[in-house]
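Right, one structure below, let's go through it.
Convention: sequence-line order gives letters A, B, ...; per-chain numbering from 1.
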2 protein chains.
Amino acid sequence: MNFSITEENYIKAIYHLQQADGNVTTNELAAELNTKAASVTDMLKKLKAKKLVNYEKYQGFRLSSEGKKIALGVIRKHRLWEYFLVEKLQFGWDEVHEVAEELEHISSKKLIDKLDAFLDYPKFDPHGDPIPDSNGKMAAQKQINLIDLPLNEAAEIVSVGSQSTELLELLKHKHLGIGTTIEIKKRFAFDHSMEVKIKGQSAFIISQQLAQALFVRPL
Amino acid sequence: MNFSITEENYIKAIYHLQQADGNVTTNELAAELNTKAASVTDMLKKLKAKKLVNYEKYQGFRLSSEGKKIALGVIRKHRLWEYFLVEKLQFGWDEVHEVAEELEHISSKKLIDKLDAFLDYPKFDPHGDPIPDSNGKMAAQKQINLIDLPLNEAAEIVSVGSQSTELLELLKHKHLGIGTTIEIKKRFAFDHSMEVKIKGQSAFIISQQLAQALFVRPL
DNA sequence: AATAAAATTTAGACAAATCTAAAAATTATT
DNA sequence: AATAATTTTTAGATTTGTCTAAATTTTATT
């Protein structure tokens, strides 16, 4: 079975929405895809006919297990290409998304498996999201907000909540980035700021706002 | 201006046909694209409206200079991706074409220029065809049939006339391939076979049929 | 429980790219 | 030069994905 770019985009969007929500609604999906509810209904009928989605009129929907497989395949491609763009072509990790949106629809399985090998089977993309392997399995992300990391527990920064240049500027200044190992040394209740420590550096203070923008994976 | 995948495929096909023929006809193009003459006519009206093609009803057509620019951009992408697939991902040069047919439609200019840099600005693709630079300029191919190479003049093998496994088998056995430097030492009029020499090896004989399948660029 | 509001679906239309069958133009043949 | 054969174009239909506007269903509110 081969699917159109449009179908793949619908499937991927449903996957992301149902991760958060469980059941997905027509309006939600229309908003996600910048399209109209009527178009979503039309496409859902098609996807249902292809057994990629469990859908009953007016009842919302979710991916079938076959649909989930397709979604993971597209996500695998997206994230591997992002990794390639950043690690090999020197793109900034804030400018790869759009290009990967195109590359993720290249259909050759052989291509993506060879790319995976060339990149040495990376487990996380440049935004810290896990990359599914060729069977669709991926590391449990278990990524938590830095705010929620227990005291004195080392964790790796795996993603950031926004791509704004302001945030990137601040991260650069503090030498924080994807892959940095970080630990919380003390919390200050007054303003929810916290003292943190990066491996091999002396401790410093970060604000609540910044901590909320950082997602980490406990080591 | 951005063009659809279909439009790009038409433009590329017209480019290749007019290299050989000068003026291109509707039926020719329909055959090249495995489509029907009526579809070609429809698309030509569109391409004419976009000033990519000089076309008058029943008179045949060719690309405008704007059209040629688009064609060279697509060809640049196609050949750079082929080079990437062979050199970095270890594809065989006989299995990259289809994948490159998809990759050539990825639109990011930044991507292709960074890929070019990553590959160290290759001048020829794995089939020996020249790769246009980011301004659309490419090396004059000046590729000639090995049959026509003057005696004792070194040349580099740049492409092969067919992709058959039989030919590949023979080339492998004789240690011949894209990039090999070769020289003709003697010709035998009886069967048009020739004695050739590869750098650092002793001379051997190849048949007329094999020589005709090899294209070289004099050094 | 009745009605209002919101969400969803249907009906019908449109643009892109394609096709078949018929018409028109060109080219070849007698 | 007239007719036949070929090529090309037009006309009208089809498919995919989209839209607007109207109809239907569900959910919320009184």
message = Could you work out, with side chain to side chain donor-acceptor pair (under 3.5 Å) as the rule, every residue matching A:Glu104, not counting sequence neighbours?
response = A:Lys12, A:His78
task = Mind listing the residues from residues 9-19 of chain A sitting with a heavy atom below 4.0 Å of DNA chain C? Number order is fine.
result = none
request  = Kindly write out the residues that satisfy side chain to side chain donor-acceptor pair (under 3.5 Å) with B:Lys69, not counting sequence neighbours, or none if the list is empty.
outcome  = none
Return all side-chain donor-acceptor pairs below 3.5 angstrom for residues 60-68 of chain A, not counting sequence neighbours, or 'none' if the list is empty.
residue: A:Ser64; atom: OG; partner: A:Lys51; partner atom: O; Å: 2.8
residue: A:Ser64; atom: OG; partner: A:Leu52; partner atom: O; Å: 3.2
residue: A:Ser64; atom: OG; partner: A:Glu66; partner atom: N; Å: 3.3
residue: A:Ser64; atom: OG; partner: A:Gly67; partner atom: N; Å: 3.0

task = Determine whether B:Pro122 and B:Asp116 make a side-chain contact, defined as any pair of heavy atoms from C-beta on separated by less than 4.5 Å.
result = yes
request  = Round to a whole Å and report the spacing from CG of A:Asn27 to C1' of C:dT9.
outcome  = 12 Å
key: Contact list for residues 206-216 of chain B, test side chain to side chain donor-acceptor pair (under 3.5 Å), sequence neighbours left out   = none
note = Sorted by chain and number, sequence neighbours left out, salt bridge (charged side-chain N to carboxylate O under 4.0 Å, His left out) with B:Glu95 holds for A:Lys110
request  = Specify the separation, in whole Å, of atom CG of A:Asp42 and atom P of D:dC19.
outcome  = 10 Å
Tell me which donor-acceptor pairs under 3.5 Å the side chains of residues 28-42 of chain B have, and how far apart each pair is, sequence neighbours excluded?
residue: B:Glu28; atom: OE1; partner: B:Thr25; partner atom: N; Å: 2.9
residue: B:Glu28; atom: OE1; partner: B:Thr25; partner atom: OG1; Å: 3.4
residue: B:Thr41; atom: OG1; partner: B:Ala37; partner atom: O; Å: 3.2

ask   = Can you check whether B:Thr6 has a side-chain N or O nearer than 4.0 Å to OP1 or OP2 of C:dA16?
value = no
query = Can you name the residues that form a side chain to side chain donor-acceptor pair (under 3.5 Å) with A:Lys114, not counting sequence neighbours?
reply = none
inquiry  = Please encode protein proximity along nucleotides 23-28 of chain C as a string of B, S and -, counting only heavy-atom distances under 4.0 Å.
reply    = -BSS--
request  = Classify the nucleic acid contact of B:Phe61 as base, sugar-phosphate or nothing, counting any heavy atom under 4.0 Å across all strands shown.
outcome  = nothing
